2 protein chains.
Amino acid sequence: MVRMADVARAAGVSVMTVSNVLNERLPVGEPTRARVMAAVEALGYEVNLTARHLRAGRTDTVAFVVPSFHDYFGELADHLAPLVEAEGRHLVLERTSANAEQEMEALSVARLQIYDGVLLSVAGLDLEQLRRVRTAKPIVLLGERDVPDHLNHVRLANESGAHLATAHLIERGSRRVVALGCSFDGAHMMTTDRRAGWEHAYRDAGLTADPAYVVPVSDYTSLGGRDAMLDFIASGLPFDGVFAVTDIVALGALSALADSGLRVPDDVQLAGFDNLDMSHFIPPGITSVDANHEGVAEAAVGLLHRQMSGWTGPAEHVVAPVRLVVRGSTRGGA
Amino acid sequence: MVRMADVARAAGVSVMTVSNVLNERLPVGEPTRARVMAAVEALGYEVNLTARHLRAGRTDTVAFVVPSFHDYFGELADHLAPLVEAEGRHLVLERTSANAEQEMEALSVARLQIYDGVLLSVAGLDLEQLRRVRTAKPIVLLGERDVPDHLNHVRLANESGAHLATAHLIERGSRRVVALGCSFDGAHMMTTDRRAGWEHAYRDAGLTADPAYVVPVSDYTSLGGRDAMLDFIASGLPFDGVFAVTDIVALGALSALADSGLRVPDDVQLAGFDNLDMSHFIPPGITSVDANHEGVAEAAVGLLHRQMSGWTGPAEHVVAPVRLVVRGSTRGGA
DNA sequence: CTGTTAGCGCATTCAT
DNA sequence: ATGAATGCGCTAACAG
């Protein structure tokens with residue numbers, strides 16, 4: 001390994017001069033500068049980022065900690081990356097497997113130290129665990145769970161989004177809308193917020209929501225959505241609409257409906273949440289609540305950047321607005 | 001920040017004893033050990049990973065460098081993570097934006113130094129650029145392009161997979177199969193290999209492949225696939241099958257076919273490549289060549305692990321086998 | 001089993 | 001404008 005000292009010797013200068021040239025810090029005379037650069041080229045020198053980090057206390061790297069790399073998180077990460085890079089930093093992804101133990105480990109001070117800031121998608125952590133997160137490191141939480149006041153947080157307008165989708169289904173003629181993957185669980189969570197939106201849409205339409213139409217899923221995958229939908233169909237309860245808690249779950253429902261000979265949107269209207277790329281293209285097009293990746297990414301990186309710049313005001317809790325994207329899985333205007 | 005020295009003082013031992021306790025290296029007497037652990041707890045000490053790295057020359061971290069975080073790469077990353085973790089290391093993802101400049105930067109010695117090993121998805125780099133990658137760091141290339149002999153590489157059996165898919169389409173009755181997203185371009189390995197498989201399937205069936213049915217796409221997205229498919233339909237050339245170069249492109253084709261009133265599989269059979277999760281569920285189920293994430297992940301991590309263990313034999317070039325998964329987008333057996 | 005010595009490669013501080 | 005000294009926090013090697 002070639003070190004700065006080797007470059008310095010080759011260029012006939014001191015180590016500090018090399019450092020100053022490479023970091024463009026103190027002004028360096030042009031001839032000296034040229035000699036240093038020549039030596040850097042000749043020796044193929046590359047700075048040792050670890051040593052710089054230890055000395056300077058800065059990595060120029062931000063971590064996005066996610067439960068899994070695919071689908072929603074991967075798409076969001078692609079939106080975060082340019083914003084982080086615009087500030088001259090790298091973005092790296094770390095995975096927690098939606099597992100509370102690993103998620104805590106990812107949050108351990110040890111792991112945090114190697115990043116200038118951390119964006120954490122909170123999936124497997126409850127409020128109590130999050131309360132224990134005490135760190136001076138800049139950190140912003142992302143996701144649809146309740147979080148402690150002292151931590152910055154960006155989440156979606158879940159209830160409003162579910163309301164939009166359900167109201168749309170009702171307006172377009174559905175009267176019995178399954179809330180697939182929603183729940184009554186007490187914790188302030190994605191599935192309960194979205195269930196509340198579903199409920200309020202009924203109320204606002206002068207109808208009454210039947211709790212029997214709140215159908216949980218075993219896991220938030222297409223398979224989970226498919227199985228739950230098939231079970232519901234088998235139960236014989238009449239229905240003419242499905243609001244799925246995520247597009248992934250909606251895709252499972254679509255599959256189940258197709259296999260059961262139910263036509264979308266003629267027999268059953270379908271709406272999802274997240275507006276994944278694929279939802280544009282899956283025939284007949286899945287109506288979905290857009291998860292506003294741009295807005296979430298911008299808010300999160302903004303909050304993080306502010307902290308990394310030394311701002312120390314109180315934590316902020318941003319609720320990113322959402323909008324409904326109407327496609328072929330719901331019927332045309334009356 | 002609380003350092004090891006603080007713990008040592010609190011426990012009344014030397015710094016080295018603390019280090020030995022925490023790393024479980026040299027045996028430490030039980031009472032001493034208990035005192036140290038108590039002090040660690042009391043002070044909330046966490047090891048400084050940067051200092052450890054600088055001193056020990058080891059990060060216990062592997063990077064997976066990808067062109068983008070979503071879809072194929074995200075899914076593959078989820079398969080890599082457990083394998084890397086099984087060896088006691090972390091996996092982190094870095095993005096290159098399929099941009100040669102950034103990809104080279106990700107490969108720069110400076111960036112590599114902070115990882116014990118690197119898995120690189122080669123998307124935006126050509127052979128010449130890869131030849132310049134000279135590093136002692138363990139590195140394994142993933143992807144469907146040509147790479148220099150001196151670098152370890154894992155890729156898919158592209159031609160064989162395309163052959164499987166096309167032969168299946170022909171066997172189930174298609175005679176004019178569009179090779180969507182394929183090409184004759186020498187540089188783009190994936191698309192040419194898959195085109196070759198398509199061609200050979202024709203030949204093996206005693207038919208002749210018409211180059212007019214090799215339809216390029218502007219980019220490898222669903223939108224690109226959709227637009228190219230719509231253009232082809234508009235051209236009026238008769239066709240009764242589509243082999244799409246990826247499932248993402250196949251989804252675009254499915255969308256175009258649906259909008260054009262063509263039924264899948266009755267009017268047009270469709271097959272893709274990658275077997276993304278969604279392909280199971282998108283009605284009528286997309287027949288696809290499975291990208292064998294397990295096999296690719298296992299081979300790649302195996303090669304990387306071998307290098308990280310100090311093995312220095314010649315580079316290996318693994319071709320992971322693929323298989324066809326038949327679903328509703330192709331017709332049942334004759 | 002425990003402590004001492006030394007230094008990983010760089011950047012901050014101060015001197016020249 | 002350049003250089004010398006110092007130490008970031010930790011662990012390898014050795015001494016006791």
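Remember, it's a predicted structure, so these values are computed and weren't measured experimentally. Proteins get letters first, then strands, A, B, ... in listed order; numbering begins at 1 in each.
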Closest to the B/Ala51 side chain, choosing from C/dG9, C/dT13, D/dC10
D/dC10
How close or far is atom P of D/dC8 from atom CZ of A/Arg58, stated in whole angstroms?
18 Å
Could you state the CZ-P distance from B/Arg9 to C/dG3, rounded to the nearest angstrom?
14 Å
Given D/dT2, D/dT11, C/dT13, identify the nucleotide with an atom nearest to the side chain of B/Arg52.
D/dT11
Given C/dG9, is OP1 or OP2 found less than 4.0 Å from the side-chain N or O atoms of A/Tyr45?
no
Assuming nearest nucleotide by heavy-atom distance, tell me which of A/Arg55 and B/Glu30 is located more 5' along DNA chain C.
B/Glu30
Is a donor on one side and an acceptor on the other found under 3.5 Å between the side chain of A/Ser121 and the backbone of A/Val65?
no
Check whether any side-chain N or O of B/Ser19 sits under 4.0 Å from OP1 or OP2 of D/dT11, and answer yes or no.
yes
What integer distance in Å separates A/Met4:CE from C/dG9:C1'?
8 Å
Rounding to an integer number of Å, can you tell me how far B/Leu49 CG sits from D/dC10 P?
10 Å
Given D/dC10, D/dG9, C/dC1, which nucleotide is nearest the side-chain atoms of A/Leu54?
D/dG9
First locate atom CG of A/Asn48, then atom CZ of A/Arg55, and finally report the distance between them rounded to the nearest 0.5 Å.
14.5 Å
Identify whether any heavy atom of B/Val15 sits under 4.0 Å from a base atom; if not, whether one sits that close to sugar-phosphate; answer base, sugar-phosphate or nothing.
base
Assign A/Thr32 to base, sugar-phosphate, or nothing according to its heavy-atom contacts below 4.0 angstrom with the strands shown.
sugar-phosphate
Nearest whole Å is fine: how far is C/dG9 C1' from B/His53 NE2?
11 Å
When you measure from the side chain of B/Glu294 to the backbone of B/His79, do you find a donor-acceptor pair of N or O atoms at a distance under 3.5 Å?
no
Is the ring centre of A/His70 less than 6.0 Å from the ring centre of B/Phe69?
no
What is the separation between atom CG on B/Asn20 and atom C1' on C/dT4, rounded to the nearest whole Å?
13 Å
Would one find more than 12 heavy atoms of other residues, nucleotides or ligands at under 6.0 Å from atom CD of B/Glu298?
no
Any side-chain N or O of A/Thr17 less than 4.0 Å from the OP1 or OP2 oxygen of D/dG3?
yes
Whole angstrom is fine here: how far is it from CZ in A/Arg25 over to P in D/dA1?
14 Å
Rounded to whole angstroms, how far apart are CG on A/Asp60 and C1' on C/dA11?
14 Å
Testing D/dG3, C/dC10, D/dT11 for proximity to the side chain of A/Met16, the answer is D/dG3
Candidates D/dT11, D/dA4, C/dC10 - which lies nearest the side chain of B/Asn23:
D/dT11
Of B/Val147, B/Leu303, B/Val118, the one forming a side chain to side chain contact (heavy atoms under 4.5 Å, CB included) with B/Leu141 is B/Val147
Could you check which of D/dT11, D/dC10, D/dC14 has an atom nearest any side-chain atom of B/Leu26?
D/dC14
Starting the side chain at C-beta, find the nucleotide from C/dG9, C/dA6, C/dA11 nearest to A/Arg3.
C/dG9
